[in-house]
Amino acid sequence: MARFSLTTPLYYVNARPHIGSAYTTMAADALARFAALRGDAVLLVTGTDEHGQKIQRTAQEQGVPPQVHCDRMVAEFQALWQKLNIHWHRFSRTTDPRHGVIVKEFFQRVWDKGDIYLHQQQGWYCVACEEFKDERELLPERYCPLHPHLQVEWRDEPNYFFRLSQYQHQLEDLYQNQPDFIQPEARRNEVLKFVAQGLADFSISRLHLDWGFPVPVDPQQVIYVWFDALLGYLTALVEPDAEPSLAQATQTWWPVDVHLIGKDILRFHAVYWPAMLLSAELPLPKRIFAHGFLTKDGQKMSKSLGNIVDPFHLVNEYGSDALRYYFLKEIELGKDGDFNEERFIQTVNADLANDLGNLLNRTLKLVHKYCGGCVPAVTVPQDNPLAVLAEDLGVQVAQAYRELALHRACLLPLSLAQRANKWMDEQAPWQLAKTGEPATLAAVLYSLLEAVRLAAYLLSPVIPQTSTRIYQQLGYPIDFDRQPLLDYHQQARWGALPPGQAVAAPEPVFLRLGLPKVMKS
RNA sequence: GGCUCAGUAGCUCAGCGGUAGAGCAGGGGACUCAUAAGCCCUUGGUCGCGUGUUCAAAUCACGCCUGAGCCA
């Protein structure tokens, strides 16, 4: 059996989950579900990154110990993932003691390799970035350009450094030999440019901080949050009942097929992380895919603009299928995308309620009226336009998923539903019933049912609840949120619907969304 | 300052040398199986700006402008 493993980032728990994290996680979940649909053994890893000064200070401000703060945030993340119908297999927390074991072993390996050394570092430090900043990139009065409300702090301390510079050529070879290691192309170009300029060693420890794992060779220091966080991907792969070790972690699911990330953390994943793994002599992940950023009504989201989109609010208001569909179909993964509530509602209504849902509804009504509520037993002609369109739809959708082209993976099945609506009007089965052509009528209705079925099946990784309702109305006792137990190669093709199967009474599978009150007026 | 990506109908985008396309939204119509859905027709664009190459440019080259981003 083929294996497919992928990760979302381990989200930083300094705040409640935002729409960007939700976007990544929805995309990852759809990818994982599709792999599972095809029968692969799948492991979807998500989790949280909980160390670092910023967390320590946030907790302090709230007057709670850091661990309590982290536990609270983790509960929020998990609650949101549940609401969004995310099926994760491992939730990796960097404060897990098991993670400490992995970090220690990894550090030791890199240390033994001679890739870690002590060096006095001084400069301006941004606590929010957890990074040293060049004086000239600072705003007036030494505010961080990325965190304009925060002043940087002067630091002069010995830190442990990782010899990133040693790995420049190996990294360049990697990018060269494996052109799809970093995707999309534009992001790859950025990394190539960055690496070509020469790589500086980076510090992997911090002094005067106790929220983190101690440096094994120097307990005065704490391991830098990013070094720690990236290793969380490995810890996640340790079997739950096994003793944590790198050997264990890399036994089954490593290397992962995809690290799905936002473009803001590309450098850590495409440069630092592979270098760390090279140093530790571990295999590299197969692919890093960086998606774009979301805007709200064409504008950057920010607290000062007050236009932050709250994922909890959206999912409570509209449900998970609608959100998943909008974000995955309307925005090309890898490009920036916009959330506009009106466009969201229009899209979802047009596609899911009108084109797909209503197609099932109108067809079922006729099946009950003219075929006794059973899938008609007929032979559909080879040249049936729906059958022709469906011919290699499963293959095309699989290809789209392979490329992480989720928007195409949505568009393809939808186009079948759209063609089916058109064809239904052309055939006018209600007329066929009147003029007495039962064979033709049966073939038309069968084709329509089959078109909805296939579209629903191929869309199920994105809209599992809607697909489940469609399948159940078609007479299948299955739930895409549980093990579907259906053979992909059979279900992803035209003609899987068994003749004679009793169908349910038509019931809207996706209710049209209304505009929120504020927008109606 | 260097580099990357983008700028095409109200919105989201495709086209990437032969005088503009799709979906959604808007307008009209015929139908009736349907979640006032679907179907048909339709309004709508000096293809960011300028110069050049070419018989011919949204499509190539150069310059500029705007936006997003990477680096310094």
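In the text below, chain A, chain B and the rest are named by the order of the sequence lines, each starting its count at 1. Here the structure is a predicted model, which is why all the values come from computation and not from measurement. Computed from heavy atoms alone, side chains included, the values below leave out hydrogens, waters and symmetry copies.
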Convert the base pairs of RNA chain B into dot-bracket notation, remembering that pairs crossing earlier ones are written with [ ] and that bases paired across to another strand are shown as |; include only Watson-Crick or G-U pairs under 3.5 Å. ((((((((.[[[[.).....]]]].((((.........)))).....(((((.......)))))))))))).

With rounding to whole Å, what would you report as the distance between [N] and [M] at their [atom1] atoms?
N	M	atom1	value
B:rU53	B:rA61	P	15 Å
B:rU46	B:rU42	C1'	23 Å
B:rG27	B:rG17	P	38 Å
B:rG21	B:rU59	C1'	14 Å
B:rC3	B:rA57	C1'	27 Å
B:rA9	B:rG1	C1'	38 Å
B:rC49	B:rU66	P	15 Å
B:rA14	B:rC60	P	14 Å

Using salt bridge (charged side-chain N to carboxylate O under 4.0 Å, His left out), reason through A:K296 and A:D338 one step at a time and then give a plain yes or no. CA-CA 6 Å; A:K296 159 80 172 162; A:D338 187 52; over 6 Å; no

Would you tell me whether [X] and [Y] have side-chain atoms, one donor and one acceptor, within less than 3.5 Å of each other?
X	Y	value
A:E341	A:Y326	no
A:D156	A:Q120	yes
A:S467	A:S460	no

Min side-chain heavy-atom separation A:F194-A:V271 under 4.5 Å: yes

Using side-chain heavy atoms (C-beta onward) and a distance below 4.5 Å, is A:F289 in contact with A:I261? no

[N] OP1/OP2 closer than 4.0 Å to side-chain N/O of [X]:
X	N	value
A:K193	B:rC5	no
A:Q431	B:rU32	yes
A:K335	B:rG67	no

Could you tell me how far apart [X] ([atom1]) and [N] ([atom2]) are, to the nearest whole angstrom?
X	N	atom1	atom2	value
A:D338	B:rG10	CG	P	17 Å
A:E330	B:rC11	CD	P	14 Å
A:L199	B:rC70	CG	P	17 Å
A:E332	B:rC5	CD	P	15 Å
A:K263	B:rA6	NZ	C1'	11 Å
A:F194	B:rA72	CZ	P	6 Å
A:L328	B:rU12	CG	P	19 Å
A:W430	B:rA30	CH2	C1'	12 Å

Annotated protein contacts, base or backbone, on nucleotides 34-39 of chain B with a non-hydrogen cut-off under 4.0 Å, one of B, S, - each: BB-BBS

Looking at residues at least two apart in the chain, or sitting in another chain, which of them share a salt bridge (charged side-chain N to carboxylate O under 4.0 Å, His left out) with A:R287? none

Return the set of residues passing ring pair (Phe, Tyr, Trp, His ring centres under 6.0 Å) with A:Y117 (not counting sequence neighbours), or none when no residue passes. A:F161

If each of A:E185 and A:Y370 is mapped to the nucleotide of RNA chain B with the nearest heavy atom, which maps nearer the 5' terminus, i.e. the 5' end? A:E185

Looking at residues 397-407 of chain A, who's got a heavy atom less than 4.0 Å off RNA chain B? none

For a salt bridge (charged side-chain N to carboxylate O under 4.0 Å, His left out) check, start with the C-alpha distance between A:D29 and A:R324, then their side-chain angles and the critical distance, and finish with the verdict. CA-CA 10 Å; A:D29 184 63; A:R324 295 165 64 105; 2.7 Å; yes

Is it the case that A:R469 places NZ or CZ above or below the six-membered ring of A:F510, under 6.0 angstrom from the centre and within 45 degrees of the axis? no

Between A:F181 and A:K286, is there a cation-pi geometry (under 6.0 Å to ring centre, at most 45° from the normal)? no

Sole candidate of A:E157, A:Q53, A:R206, A:R155 that passes side-chain hydrogen bond (donor to acceptor under 3.5 Å, both in side chains) when paired with A:Y125: A:R206

Qualifying salt bridge (charged side-chain N to carboxylate O under 4.0 Å, His left out) pairs, either residue in residues 369-379 of chain A, two or more places apart: none

If you only use heavy atoms from C-beta on, which nucleotide in B:rG69, B:rC3, B:rU4 is closest to the side chain of A:A186? B:rU4

